Amino acid sequence: GSVTFYYETGIYDGAGADLAVRENGYAFGPAPGFFAELAFVEVSSNGVDFARFPSISTNTTTVSVAGSLLMYDMTNVHNLAGKHASNLATPFDLQDLATHEMVVGGTVNLSNIKYVRLVDVVGNPESSGAAGAVDSLGNRILDNWTTYDSGGFDISIVGGLPQAVGVLNAIPEPAISVLGFASMLPLLRRRRRN
């Protein structure tokens with residue numbers, strides 16, 4: 001039900017979205033009908049303590065049905081991965097976690113995120129009596145699948161590598177920073193001689 005990605009150089013809270021998560025959902029039928037398989041997104045600095053993005057899902061019914069697939073209005077969903085079509089990705093801004101207890105307490109450092117974990121939302125279609133996942137406000141999350149297994153959040157594999165998480169604000173590698181500073185030294189020396 002989950003997968004964790006490690007980023008050696010880290011991700012930091014910059015301007016706008018800091019990472020984006022991709023799934024293979026698609027629009028089908030009349031707008032705003034969308035077939036989605038959703039996931040919670042969590043981040044960590046140490047690989048042990050994870051802060052979950054606050055999610056909202058206010059769907060209470062389907063907007064259309066295509067065969068056995070239920071279509072939902074994704075404009076009613078926030079901070080759940082998979083709410084966009086497969087050619088797009090769902091953006092996440094680390095600033096949304098600024099008031100999270102682990103961030104305030106210093107356990108999760110938004111200037112140095114090393115781990116991103118995706119946790120499959122155990123679906124809860126409106127027709128199902130099954131207990132499923134809820135959002136940060138306690139709302140039932142409507143999703144097609146009530147089980148894990150193959151009916152859940154999909155991670156794209158391209159060339160043998162996972163393509164699920166894109167980093168938008170990566171901490172520069174120290175070697176690159178040192179090389180950049182070293183290339184400026186001759187300029188600084190020349191200035192002093194003039």
Side-chain angles (χ1 to χ4, degrees), residues 1-25 32 34-60 72-125 131-146 148 151-156 162-171:
S2 71
V3 63
T4 302
F5 298 92
Y6 171 69
Y7 298 91
E8 186 172 340
T9 59
I11 305 167
Y12 71 94
D13 182 18
D18 304 299
L19 58 114
V21 182
R22 184 173 176 234
E23 210 269 345
N24 67 349
F34 191 83
F35 173 76
E37 297 167 313
L38 303 171
F40 296 109
V41 177
E42 302 173 342
V43 296
S44 174
S45 298
N46 60 17
V48 175
D49 302 294
F50 284 83
R52 178 175 285 186
F53 277 91
S55 59
I56 298 173
S57 178
T58 59
N59 283 319
T60 57
Y72 298 103
D73 182 351
M74 288 297 115
T75 63
N76 295 329
V77 174
H78 177 68
N79 271 351
L80 286 171
K83 70 169 269 175
H84 290 94
S86 61
N87 59 333
L88 301 172
T90 305
F92 290 85
D93 186 347
L94 290 172
Q95 187 60 39
D96 289 350
L97 294 168
T99 59
H100 192 285
E101 60 198 28
M102 288 186 188
V103 174
V104 173
T107 306
V108 174
N109 179 358
L110 297 184
S111 297
N112 190 19
I113 296 299
K114 298 280 191 175
Y115 301 86
V116 176
R117 181 164 62 194
L118 307 178
V119 180
D120 188 38
V121 168
V122 177
N124 201 342
V134 295
D135 68 8
S136 300
L137 303 175
N139 299 319
R140 184 171 78 159
I141 299 174
L142 299 184
D143 183 274
N144 276 282
W145 308 110
T146 58
Y148 293 103
F153 192 83
D154 297 312
I155 297 173
S156 302
Q163 303 294 309
V165 179
V167 176
L168 305 174
N169 285 320
I171 297 172

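The shown structure was predicted, so the numbers you read here are calculated from the model rather than taken from an experiment. Reckoned from all heavy atoms, side chains included, excluding hydrogens, waters and symmetry mates.
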Partner set under side chain to side chain contact (heavy atoms under 4.5 Å, CB included) for Tyr12, not counting sequence neighbours: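 If we apply the side chain to side chain contact (heavy atoms under 4.5 Å, CB included) test to Tyr12, skipping adjacent residues, the hits are Asn169, Ile171.
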Residues in side chain to side chain contact (heavy atoms under 4.5 Å, CB included) with Val134, at least two apart?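 If we apply the side chain to side chain contact (heavy atoms under 4.5 Å, CB included) test to Val134, skipping adjacent residues, there are no hits.
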Could you tell me whether a side-chain N or O of [X] sits under 3.5 Å from a main-chain N or O of [Y], the two making a donor and an acceptor?
X	Y	value
Asn109	Ser111	yes
Ser55	Asn79	no
Asp135	Ser57	yes

Could you tell me which residues satisfy ring-ring contact (aromatic ring centres under 6.0 Å, His included) with Phe40, sequence neighbours excluded, listed by chain and number? none
Under the ring-ring contact (aromatic ring centres under 6.0 Å, His included) test, residues paired with Phe50 that sit two or more places apart: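 Scan of Phe50 (ring-ring contact (aromatic ring centres under 6.0 Å, His included), adjacent residues dropped) gives none.
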Stepwise side chain to side chain contact (heavy atoms under 4.5 Å, CB included) test for Arg140 and Asn59: CA-CA 8 Å; Arg140 184 171 78 159; Asn59 283 319; over 6 Å; no
Residues forming a side chain to side chain donor-acceptor pair (under 3.5 Å) with [X], sequence neighbours excluded:
X	value
Asp93	none
Asp73	Thr75
Asp49	Asn46
His100	none

Measure the shortest side-chain to side-chain distance between Leu118 and Val21 over non-hydrogen atoms and say whether it is less than 4.5 angstrom.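 Heavy-atom side-chain distance check passes, below 4.5 Å.
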Find out whether Val108 and Ile113 are in side-chain contact, i.e. whether some heavy atom of one side chain is under 4.5 Å from a heavy atom of the other. yes
Pairs touching residues 100-119 that satisfy salt bridge (charged side-chain N to carboxylate O under 4.0 Å, His left out), sequence neighbours left out: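 Sorted pair list: Glu42-Arg117.
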Closest non-hydrogen atom pair, Ile141 against Leu38: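 Scanning both residues completely, I find the closest heavy atoms to be CG2-CD1, 3.9 Å.
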